[in-house]
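Report on the structure given below.
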Amino acid sequence: LVTYNVIIGGLFKAGLVDEALELKKSMTEKGLDPDRFTYSILIDGFCKNKRSREAKSILGEMYGVGLNPDHVAYTALIDGFMKEGDTEEAFRIKDEMVARGIKLNLISYNAIIHGLCKVGQTEKAKDLLGEMIAAGVRPNTQTYTSLIEGYIRGNNTNEAYEMLVEMKERNLEPTVYTCGAIINGLCRAGDLERANFVLEKMIAGGLKPNVVIYTTLIRSYVQGGKLEEAIDIFKAITKKGILPDVFCYNSLIIGLCSAKRMEEARAYLLEMVERRLKPD
RNA sequence: AGCUUGACGAGUUCUCCU
């Protein structure tokens, strides 16, 4: 049974939905009944393949065979609808879950909060933060990072800062992700000065900026027409041993191309191929 | 030394600026 579950999960991850369902059918034919894990894998599998509707019908099937979906099954489904942008349906599932006496945990709340922040409903996400705290579920760094990102994307710097403060009050330390979200927000607001300030702060605080952070800055310099600075960062990080990824190369190449510096752009293209990166 | 069948795992590029 465990073997089947693992393989079904693997097929879903590879996008082979039909094959996964085939395998589920054949296990039933062999007299092996899918268990609660199998069903959660199916639900999550459909969701990850953007087929949350079908995932929901699996939930019905579970009840049909007398298995009670647990918080994992419900959370997977909620996350699926959230990722498809159907927040209404996600909330209906959440209500159903609560009505059946299943409590939301940290992961469930994070899925909802992250989804809301992504679609710009950060205020509603903040309400859920309140709800989870009231329910005795402790938010973690990831919870606050989602909220900070949401506020910063909505140009609500004050609220974003407020979240950062609240996070620290709970003894939660910002991570590279948190700083990345903040730097990205500042860059998009055109405030490179403060973005660099945050960068300094994070280094001073013992966090190591990664390619993602530097790509954010490179892109921002490129957009601001400061191509030389962008190239400098690129060279500096390569020297530090940080390997530029496709995103990073693309950002720089875009800058060079718009400045009609095609020779250099071509050189970077060759360099990325040499590094076994696949230009997209 | 081994994150050991299932859920959030978060931040960065482009698609001619909608």
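Lettering follows sequence order; numbering is per chain, from 1.
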- Would you please test A:F91 and A:F81 for ring-ring contact (aromatic ring centres under 6.0 Å, His included) and show each step? CA-CA 9 Å; A:F91 273 92; A:F81 280 112; over 10 Å; no

- Query: About how many Å separate OG1 of A:T87 and NZ of A:K118, when rounded to the nearest 0.5 Å?
  - Reply: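 Rounded to the nearest 0.5 Å, the NZ-OG1 separation comes out at 15.5 Å.
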
Residues of [range] with any non-hydrogen atom less than 4.0 angstrom from an atom of RNA chain B: list those, numerically ordered, please.
| range | result |
| --- | --- |
| residues 78-99 of chain A | A:D79, A:K83 |
| residues 187-203 of chain A | A:R188 |
| residues 250-260 of chain A | A:N250, A:S251, A:I254 |

Expressed in whole Å, how much space separates the [atom1] atoms belonging to [N] and [M]?
| N | M | atom1 | result |
| --- | --- | --- | --- |
| B:A7 | B:C3 | C1' | 16 Å |
| B:U13 | B:C17 | C1' | 16 Å |
| B:A10 | B:C14 | C1' | 22 Å |

- Query: How is A:I213 classified with respect to the nucleic acid when contacts are heavy atoms under 4.0 Å: base, sugar-phosphate, or nothing?
  - Reply: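 Answer is base: heavy atoms of A:I213 come under 4.0 Å of a base.
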
- Task: Mind checking A:T175 for me? I need base, sugar-phosphate or nothing, with any heavy atom below 4.0 Å counting as a touch.
- Result: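 The residue A:T175 makes base contact.
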
Considering only heavy atoms from C-beta outward, does the side chain of [X] approach that of [Y] to under 4.5 Å?
| X | Y | answer |
| --- | --- | --- |
| A:R153 | A:E149 | yes |
| A:D44 | A:L77 | no |
| A:M82 | A:V119 | no |
| A:I113 | A:L147 | yes |

- Item | side-chain contact (heavy atoms from CB on, under 4.5 Å) between A:D33 and A:V65, worked out | CA-CA 10 Å; A:D33 287 330; A:V65 298; over 6 Å; no

If we ignore hydrogens and angles and just use 3.5 Å, is the side chain of [X] paired with the main-chain N or O of [Y] as donor and acceptor?
| X | Y | value |
| --- | --- | --- |
| A:E84 | A:S52 | yes |
| A:N156 | A:I152 | no |
| A:D79 | A:S108 | no |

- Item | is_close_aromatic(A:F12, A:F46), centroid dist under 6.0 Å |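 Ring centroids of A:F12 and A:F46 are less than 6.0 Å from each other.
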
